[in-house]
Amino acid sequence: MSTNEQLFDQAQRIIPGGVNSPVRAFGSVGGTPRFISRAEGAYVWDAEGKRYLDFVGSWGPMILGHANPVVVAAVQEQSQHGLSFGAPTELETYLAKEIIERIPSVEQVRLVNSGTEATMAALRLARAFTGREAFVKIEGCYHGHGDAFLVQAGSGATTLGIPNSPGVPESVVSKTLLAPFNDLGAVEGLFKEHPGEISCVFLEPIAGNMGLILPAPDYLSGLRRLCDQYGALLVFDEVMTGFRVARGGAQSIYDVRPDLTTLGKIVGGGMPIGAYGGRDDIMSHMAPKGPVYQAGTLSGNPIAVRAGLETLKQLDDEAYEKLESLGRYVESGVLGAIERKGLPLSFQRSGSMFGLFFRSEHVRNYEDAKGCDTTRFAKYFHAMLERGFYLAPSQFEAGFLSLAHSESDLAGYLEQSEEVLSGVFA
Ligand SMILES: *Cc1c(COP(=O)(O)O)cnc(C)c1O
């Protein structure tokens, strides 16, 4: 049997950094990533046979828990009929119907292979539909690795972003305008500075890629109003929050109707899928109905679509009630520990998604999140890992619960977590 360390050494020789997506490498917490050999329910096992209670859930998709028997059986059954056809299937229409029924702002939907693809297409469509090239990105929101989104705040008072990866041309991000999360005034300012130029405001309605940050009460409705006022589209990236925080995503909780929505993660039930959809009159601009190009050899893959369908079918009202109650259980436990021990931490949650910030002041945006004590977070992370709890290896990632997590699993987590935190802050 190989150890995690041996496997990581081997992988690093032939895969950049030993991983196929950077955060998996434990870069921000140090140490050796665990190579996962299998997963079931709320647990994952590493290559050394050690078991962990999983709070990553493949970064969101595994809302039913791992290896859900119904989904696994459906994937097995479906795969016997062929793996890919490159031609339409009835299943794709079923999944489209299921999405549209849950998210009323989505009137037409196109399936792609990842969240990244969905956001790239939605941005292209927003630009084409409005005939405008600029767009507003909210700092700290993540929309995959499309060039136009890979931008960070420049220095000083400038709102113009700079590429945050080599290889992204400055000319590509020169049309990406930045505003902080939860700051309506900043977005209004951009609309005034760039009249008639802004195609859309693009954001995660609940930010899940800088820890978890909830929108302030009037933020999303305020963005809706500004977009209407200035003729721009409002695009909600619900790749993480879609079917996670509620049956109809974050937009159903805050009762704000975006023009376009991007989806991924849960919609594929653990298989690679993304989707984007929205208003009929906008989606009708997509090829082959309209002139805006977007395509995919494996898009609408039958196995992935089936996994998504079987996942969504199990996400009924009762499921969301259970997820909410598990989330509430973790919340009250964590808040209790913070209060009992006087820990300098803060916590935010939406349904079965949560963020524990190593900072006592309420976190409103990326600037605040960057003020977290990442050194202490890394200590906490490793001590929890040692005790069999697999949390995201970064302060800036959310935690996820699944229907397979039991209250007794979570009680174990809360108890160990309180003990470890007391040590970390001793
Ligand atoms: C994960 C994520 C993406 C990217 O999806 P991939 O499938 O990893 O390409 C985009 N937006 C948000 C909000 C995400 O959480």
Side-chain angles (χ1 to χ4, degrees), residues 19-25 55-63 99 103 110-126 135-151 164-165 176 181 200-215 220 234-246 249-251 253-254 258 260-278 294 296 298-301 304-305 307-308 311 348 350-355 365-366 369 392-394 396-400:
V19 292
N20 282 310
S21 195
V23 71
R24 297 178 194 172
F55 292 94
V56 177
S58 189
W59 304 95
M62 311 318 298
I63 192 166
I99 294 169
I103 309 179
R110 167 67 56 84
L111 299 179
V112 293
N113 301 291
S114 68
T116 293
E117 268 190 64
T119 58
M120 285 167 55
L123 178 61
R124 181 179 305 147
L125 175 56
F135 80 104
V136 176
K137 180 192 179 291
I138 304 301
E139 284 169 65
C141 287
Y142 177 67
H143 306 297
H145 63 88
D147 280 358
F149 297 108
L150 292 183
V151 46
N164 66 3
S165 166
T176 306
F181 195 70
C200 64
V201 175
F202 210 115
L203 81 159
E204 297 175 71
I206 296 170
N209 285 286
M210 42 178 161
L212 184 139
I213 305 182
L214 297 170
L220 299 175
L234 180 61
V235 187
F236 279 178
D237 181 355
E238 298 227 44
V239 168
M240 185 182 283
T241 53
F243 316 113
R244 163 60 65 178
V245 295
Q251 57 193 271
I253 297 178
Y254 295 94
L260 292 173
T261 298
T262 57
L263 298 164
K265 300 195 168 118
I266 289 173
V267 81
M271 300 288 288
I273 288 203
Y276 64 98
Q294 180 270 313
L298 295 173
S299 291
N301 174 270
V305 167
T311 298
Q348 297 188 45
S350 182
S352 54
M353 232 175 110
F354 62 89
N365 55 35
Y366 188 48
S394 163
F396 305 104
E397 302 288 351
F400 298 98

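One-based numbering, in listed order, for ligands and for the atoms of each. Sequence positions, counted from 1, serve as the residue numbers for this chain.
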### Query
Mind checking what makes ring pair (Phe, Tyr, Trp, His ring centres under 6.0 Å) contact with Tyr254, not counting sequence neighbours?
none
### Task
Identify, with sequence neighbours excluded, every residue that meets side chain to side chain contact (heavy atoms under 4.5 Å, CB included) alongside Asn113.
Glu117, Leu298, Ser299
#### Entry: Pocket residues of ligand 1, ordered first by chain and then by residue number (heavy-atom cut-off under 4.0 Å)
Ser114, Gly115, Thr116, Tyr142, His143, Gly144, Glu204, Asn209, Asp237, Val239, Met240, Lys265
### Query
Val239: what forms a side chain to side chain contact (heavy atoms under 4.5 Å, CB included) with it, not counting sequence neighbours?
Asp237, Thr262, Lys265
### Message
Minimum heavy-atom separation for Gly268 and Ala307, please, with both atom names.
### Response
O-CB, 3.5 Å
### Task
Return yes if some donor-acceptor pair links the side-chain N/O of Thr119 with the main-chain N/O of His143 below 3.5 Å, else return no.
yes
### Query
Is a side-chain donor or acceptor of Arg244 paired with a backbone partner of Met353 at a separation under 3.5 angstrom?
no
